[in-house]
Amino acid sequence: MNFEKLEVWKRSARLSAELYKTTADLRDYGFRDQLTRSGLSVPSNIAEGMTRSSNKEKIHFLDIARSSLAEARTQIYIGIDIGYLPSVKGKAW
């Protein structure tokens with residue numbers, strides 16, 4: 001399967017890019033690094049999983065992507081609460 005045709009991959013890749021752009025000037029490097037890493041992990045694991053030959057491996061990588069998304073969502077919520085991320089943009093993601 002060509003992961004680049006998957007809507008979920010496209011959306012998660014756009015989210016990752018937006019996280020990088022939005023936090024580019026953030027001076028809390030630990031927060032920024034953790035958020036961008038978890039966001040980057042989502043499309044990366046979708047892509048890797050879709051290139052695997054066995055369904056078991058595909059499911060494993062998709063599960064990792066889902067967990068990374070939960071991590072990124074949590075960090076987005078916290079980022080909004082502490083004023084690092086704009087509320088409107090963060091809630092739209």
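Counting from 1, the numbers follow the sequence of the chain as shown.
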Margin query: Does any part of the side chain of Arg11, heavy atoms only, come nearer than 4.5 Å to the side chain of Val8, both counted from C-beta?
Written below: no

Check: Can a salt bridge be assigned to the pair Asp33 and Arg37 using a cut-off of 4.0 Å between side-chain N and carboxylate O?
Finding: yes

Item checked: Arg14 atom CZ: more than 12 heavy-atom contacts under 6.0 Å -> yes

Next item on the list: Decide if atom CG of Asp25 counts as having more than 12 heavy atoms of other residues, nucleotides or ligands within a radius under 6.0 Å.
Entry: no

Donor-acceptor pairs under 3.5 Å, side chain of residues 38-53 to any protein atom, not counting sequence neighbours: which ones?
from, atom 1, to, atom 2, distance (Å)
Ser38, OG, Gln34, O, 3.3
Ser38, OG, Leu35, O, 3.1
Ser38, OG, Gln75, OE1, 2.7
Ser41, OG, Asn45, ND2, 2.8
Ser41, OG, Ser68, OG, 2.9
Ser44, OG, Leu40, O, 2.8
Asn45, ND2, Ser41, O, 2.9
Glu48, OE2, Arg52, NH2, 2.6
Thr51, OG1, Glu48, O, 2.7
Arg52, NH1, Glu57, OE2, 3.2

Notebook entry, point to check: Taking side chain as C-beta onward, heavy atoms only, is Tyr84 less than 4.5 Å from Thr23?
Noted result: no

Margin query: In this structure, would Leu26 and Ile82 fall into the same cluster of hydrophobic residues linked by side-chain contacts under 4.5 Å?
Written below: yes

Item checked: Derivation and outcome, side-chain contact (heavy atoms from CB on, under 4.5 Å), residues Leu69 and Arg73 -> CA-CA 6 Å; Leu69 182 58; Arg73 287 173 54 201; 4.1 Å; yes

Checklist line | Sequence-distant partners of Phe3, ring-ring contact (aromatic ring centres under 6.0 Å, His included), two or more places apart | finding: Trp9

Check: Going only through I, L, V, M, F, W and Y residues with side-chain contacts under 4.5 Å, is there a path from Ile80 to Phe31?
Finding: yes

Next item on the list: Answer yes if Phe61 and Leu15 sit in the same cluster of Ile, Leu, Val, Met, Phe, Trp and Tyr residues linked by side chain heavy atoms under 4.5 Å apart, and no otherwise.
Entry: no

Item checked: Flag, side chain of Arg32 to backbone of Ala24, donor-acceptor distance under 3.5 Å -> yes

Note to self: Working to the nearest 0.5 angstrom, can you tell me the gap between Arg66 CZ and Glu71 CD?
What the structure shows: 14.5 Å

Checklist line | Which atom of Glu4 lies closest to which atom of Lys10, heavy atoms considered | finding: O-CE, 3.2 Å

Check: Tell me, do Ile78 and Leu85 make a side-chain contact under 4.5 Å, heavy atoms counted?
Finding: no

Note to self: Under a 3.5 Å distance rule, please check whether Ser16 uses its side chain to pair with a backbone N or O of Ser12 as donor and acceptor.
What the structure shows: no

